[in-house]
Each structure stands twice: as structure tokens, then as C-alpha cells.
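Below is one structure; the comments refer to it alone.
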Amino acid sequence: MPRPDGRTYDQLRPIDYILDVAPHATASVLIAFGDTRVICAATIQDEVPRWMKMQNVQGGWLTAEYSMLPYSTLDRKDRDSSKGRPDGRSIEIQRLIGRSLRAVVDLKKLGQRTLCIDCDVLQADGGTRTASITGACIAASIAFNRLLEKGKITQQPMTKKVAAISAGVLKGETLLDLCYVEDRDADVDCNLVLTDKGDFVEIQGSGEEATFSQAELDAMLTVGRKGIAELCAIQQQAIESAMRPAEPKDLQKLAAFFGKK
């Protein structure tokens, strides 16, 4: 079955990234999974939540927020603030992002600090939660490295990298990294969160008015592991490239980034 963009069944969409697009954050990355584009920012604050102080909990904390900008979808999406209540889907996804990062961060090594992860979707074409988790790990790793460089911490809190990818079954075929039209029509949709060591953090899978077999689940896990390994290699490349100073060509790349189709 041909895919809308001509990819093979187990092929990721083109992955691209630009670092430090949000200069007031400790670290940030604009990450693209095809036409899905998300800014993931990591900001470290020198304080912890009040409940940690009251309960005398040692170490730091990590929290995440997720939002889709009104113009990120084909039909304009109202801001949560205009509705007077948070969107249930956004709450679910930001909790997933937080769980995913906390699984690979030793909060005691962070000290009495809070790492705030903000994921803002600029353009949505499926896989916004997986792009957010993958980009958030890049931003968090770079932020921790910068704390180490400044001598504010003495050990790296990031114990492993974590990435996420979608897989699904469409018309009987297993597919990796579904775009919107594939996700919309899929019989089974699954989101996988794994570490660079191949350990599972979370699996979210459901049949869309359908059931799925053990063989289909195994096939999704197989292509998902392949995709996660490729994403972790990209993450490492991004983290290492953050060690060099920003150059004028980075801004040129940012301008070209939004002109891509």
C-alpha cells in the first residue's frame, strides 16, 4: 500500500531540528517530524514546588506543559484560556511528557531546582506527542549540560535518552510514524516511548472500532524499536552540536525551515 508521502512502511518522516530558538529558555529545540513542528523548551528554575518543601522531599522536580497553537491545525483551535478550562487532551499529553522525562532523570542530582518543559505545537500533522517527547529530551539534556558547564551541578541528571514514535495498522499493514491522514484512518493506533537502551517507558495502544492481534502488536513494537533507535541517534547528534556557538547560518536555516513543504 503506497503511503501519502512515498515512505516505506518502516520509514520515519524526515526529522529536522534547530537549537536555541527560544533564547530565554535554558535550552530549546524546534523539532520537525515531517510537517509536524514543535518548539520544546527547557527552563531550569532555582526552586522546587511548595509541596516538596512541606514534605521535605529531597532533590528537584520536573514538570511539563503542552499546547497546540490556534493556527497549528487546518481548522483554528481555540486557546484553552479562551474556553476558561484546560483541554483534556492537552492535560493527558503533558502528563505523558512529564512521566517520560522523569523516567530518565535522576532528580536528586538536579538539586533544589525545577526543570520546566514547555512543548508548543506550531504545526500539526500527526505525532505531536511523540515529537514533543523526543524534542523535550534534547532540550533537557542540553539544559543539564549547561548547568554542568557553569558548575551548578556536579553530575549529569539525565541517565538515559528517551524518545517516542507512533505505529499503527492501516488496511492490514503495519506503519511507522503515522502522518495525520494515516492516523485518522488507522484501524489501530499506538504510541511507544522507549529509552536508548530499548527499555519501555510507556505504551499507548488502542483499536479504532477494531481489535488487534498479538502478531500485529509485535509488528508495531518491531518497527517502533527501529524508529526509536534512529531518533536516539538524531538526539545525540543534536546534543553534541549544542556544544558549538550559534552561527549566522543557524538563523538562515530557521528562515528556510518554515518555507519547507
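Just so it is clear, the values below take in all heavy atoms, side chains as well, and ignore hydrogens, waters and symmetry mates. Only a predicted model underlies this, so the values are computations on that prediction, with no experimental measurement involved.
Using modelled atom types, one finds a donor on one side chain and an acceptor on the other under 3.5 Å when comparing Asp218 with Gln214. Side chains of Tyr66 and Arg89: a donor-acceptor N/O pair is present below 3.5 angstrom, by distance only. Between the side chains of Asp75 and Thr73, no donor-acceptor pair is found at a separation under 3.5 Å. If you check the side chains of Arg129 and Gln204, you find a donor sitting under 3.5 Å from an acceptor. Judged purely by distance below 3.5 Å, without hydrogens or angles, the side chains of Gln123 and Tyr71 never pair a donor atom with an acceptor atom. In summary, the side chains of Gln156 and Lys109 do not present any donor paired with an acceptor at a separation below 3.5 Å, with no hydrogens or angles considered.
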From CA spacing to verdict: side chain to side chain contact (heavy atoms under 4.5 Å, CB included), Lys77, Asp87:
CA-CA 11 Å; Lys77 183 182 185 299; Asp87 179 83; 4.3 Å; yes

Walk me through whether Gln237 and Tyr17 qualify under side chain to side chain contact (heavy atoms under 4.5 Å, CB included).
CA-CA 10 Å; Gln237 178 187 61; Tyr17 61 87; 3.3 Å; yes

Start with the C-alpha distance between Arg7 and Glu182, add both sets of side-chain angles, then the distance that settles salt bridge (charged side-chain N to carboxylate O under 4.0 Å, His left out), and finish with yes or no.
CA-CA 12 Å; Arg7 287 181 289 146; Glu182 293 173 328; 3.6 Å; yes

Residue pair Cys119, Cys40: steps toward the side chain to side chain contact (heavy atoms under 4.5 Å, CB included) verdict:
CA-CA 4 Å; Cys119 298; Cys40 304; 3.9 Å; yes

For side chain to side chain contact (heavy atoms under 4.5 Å, CB included), just list the numbers for Thr26 and Phe144, CA-CA rounded to whole Å, side-chain angles, deciding distance to a tenth of an Å, and then say yes or no.
CA-CA 9 Å; Thr26 310; Phe144 291 148; over 6 Å; no

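Cluster annotation: Ile31 is not connected to Tyr180 through the hydrophobic network of ILVMFWY side chains, with a link wherever side-chain heavy atoms come within less than 4.5 Å. Under a hydrophobic-cluster definition in which Ile, Leu, Val, Met, Phe, Trp and Tyr are linked whenever side-chain heavy atoms come within less than 4.5 Å, directly or via other members, Trp61 and Met54 are assigned to different clusters. Taking hydrophobic clusters as Ile, Leu, Val, Met, Phe, Trp and Tyr residues chained together by side-chain heavy-atom distances below 4.5 Å, Leu176 shares a cluster with Phe200. Side-chain heavy atoms closer than 4.5 Å link hydrophobic residues (I, L, V, M, F, W, Y) into clusters, and following such links, possibly through other members, connects Ile203 to Ile93. Under the 4.5 Å side-chain contact rule for hydrophobic residues, Leu107 and Leu148 share a cluster.
Here the side chain of Thr134 pairs no donor or acceptor atom with the backbone of Ala131 at under 3.5 angstrom. A donor-acceptor pair under 3.5 Å links the side-chain atoms of Thr36 to the main chain of Gly126, judged by distance alone. Of the possible donor and acceptor atoms, one in the side chain of Ser166 sits under 3.5 Å from a partner among the backbone N and O of Leu178. At distances below 3.5 Å, not a single donor-acceptor pair connects side-chain atoms of Thr130 with backbone N or O atoms of Ile165. Put simply, the side chain of Gln94 never gets that close to the backbone of Ile91: no donor and acceptor are under 3.5 Å apart. Between the side chain of Arg37 and the backbone N or O of Leu30 there is no donor-acceptor pair closer than 3.5 Å. A donor-acceptor pair is defined here as one N or O able to donate and one able to accept, closer than 3.5 Å; such a pair exists between the side chain of Ser132 and the backbone of Thr128. For Gln11 (side chain) and Thr8 (main-chain N/O), a donor-acceptor pair under 3.5 Å exists by modelled atom type. One N or O on the side chain of Ser241 and one on the backbone of Ala238 form a donor-acceptor pair closer than 3.5 Å. Between the side chain of Thr159 and the backbone N or O of Val104 there is at least one donor-acceptor pair closer than 3.5 Å.
Between Glu230 and Arg225 there is no salt bridge, since no side-chain N of the basic residue sits under 4.0 Å from a carboxylate O of the acidic one. With respect to Asp199 and Lys197, no salt bridge is recorded, no charged nitrogen being found less than 4.0 Å from a carboxylate O. For the pair Glu47 and Arg113, the salt-bridge criterion is not met [side-chain N within less than 4.0 Å of a carboxylate O]. Taking the charged nitrogens against the carboxylate oxygens, Arg13 and Asp177 do have a contact shorter than 4.0 Å, which makes a salt bridge.
Closest of all the heavy-atom pairs between Phe212 and Gly207 is CE2-N, 3.8 Å. Summarising the geometry of Ile153 relative to Leu110, their closest heavy-atom pair is CG2-O, 4.0 Å, with the distance given to 0.1 Å. Closest approach of Arg102 to Leu62, counting heavy atoms only: NH1-O, 2.7 Å. Taking all atoms of both residues into account, the shortest heavy-atom contact from Ala22 to Ser28 is N-OG, 2.9 Å. Among all heavy-atom pairs drawn from Gly135 and Val29, the shortest one is O-CG1, 3.3 Å. Between Ala136 and Ile97, the closest heavy-atom pair is CB-CG2, 4.3 Å.
The number of heavy-atom neighbours closer than 6.0 Å to CZ of Arg95, taken from other residues, nucleotides and ligands shown, is 12 or below. Other residues, nucleotides and ligands contribute only 12 or fewer heavy atoms inside 6.0 Å of the OH atom of Tyr9. More than 12 heavy atoms of other residues, nucleotides or ligands lie within 6.0 Å of CZ in Arg76, so this atom counts as buried by the packing criterion.
Proximity of Leu69 to Val121: side-chain heavy atoms (C-beta onward) are nowhere separated by under 4.5 Å. Proximity of Leu192 to Leu194: side-chain heavy atoms (C-beta onward) are separated by under 4.5 Å at one or more points. Looking only at side-chain heavy atoms (C-beta outward), Val169 and Met220 come within less than 4.5 Å of each other. Taking 4.5 Å as the limit, every side-chain heavy atom of Val38 sits out of range of all side-chain heavy atoms of Phe33. Counting only heavy atoms from C-beta outward, the side chains of Glu208 and Asp187 never approach each other to under 4.5 Å. The shortest side-chain heavy-atom distance between Ile239 and Lys161 falls under the 4.5 Å cut-off.
The distance from atom CE of Met52 to atom CD of Gln58, rounded to the nearest 0.5 Å, is 8.0 Å. Summarising the geometry, atom SG belonging to Cys137 is positioned 9.5 Å from atom CD belonging to Gln236; distances are rounded to the nearest 0.5 Å. Annotation: the span from Cys190 atom SG to Leu221 atom CG amounts to 6.5 Å, rounded to 0.5 Å. To the nearest 0.5 Å, atoms CD1 (Ile117) and OG1 (Thr43) are separated by 8.0 Å. To the nearest 0.5 Å, the span separating CG on Leu175 from CG on Asp10 amounts to 10.0 Å. Rounding to the nearest 0.5 angstrom, the gap separating the CG atom in Asn145 from the OG atom in Ser141 is 7.0 Å.
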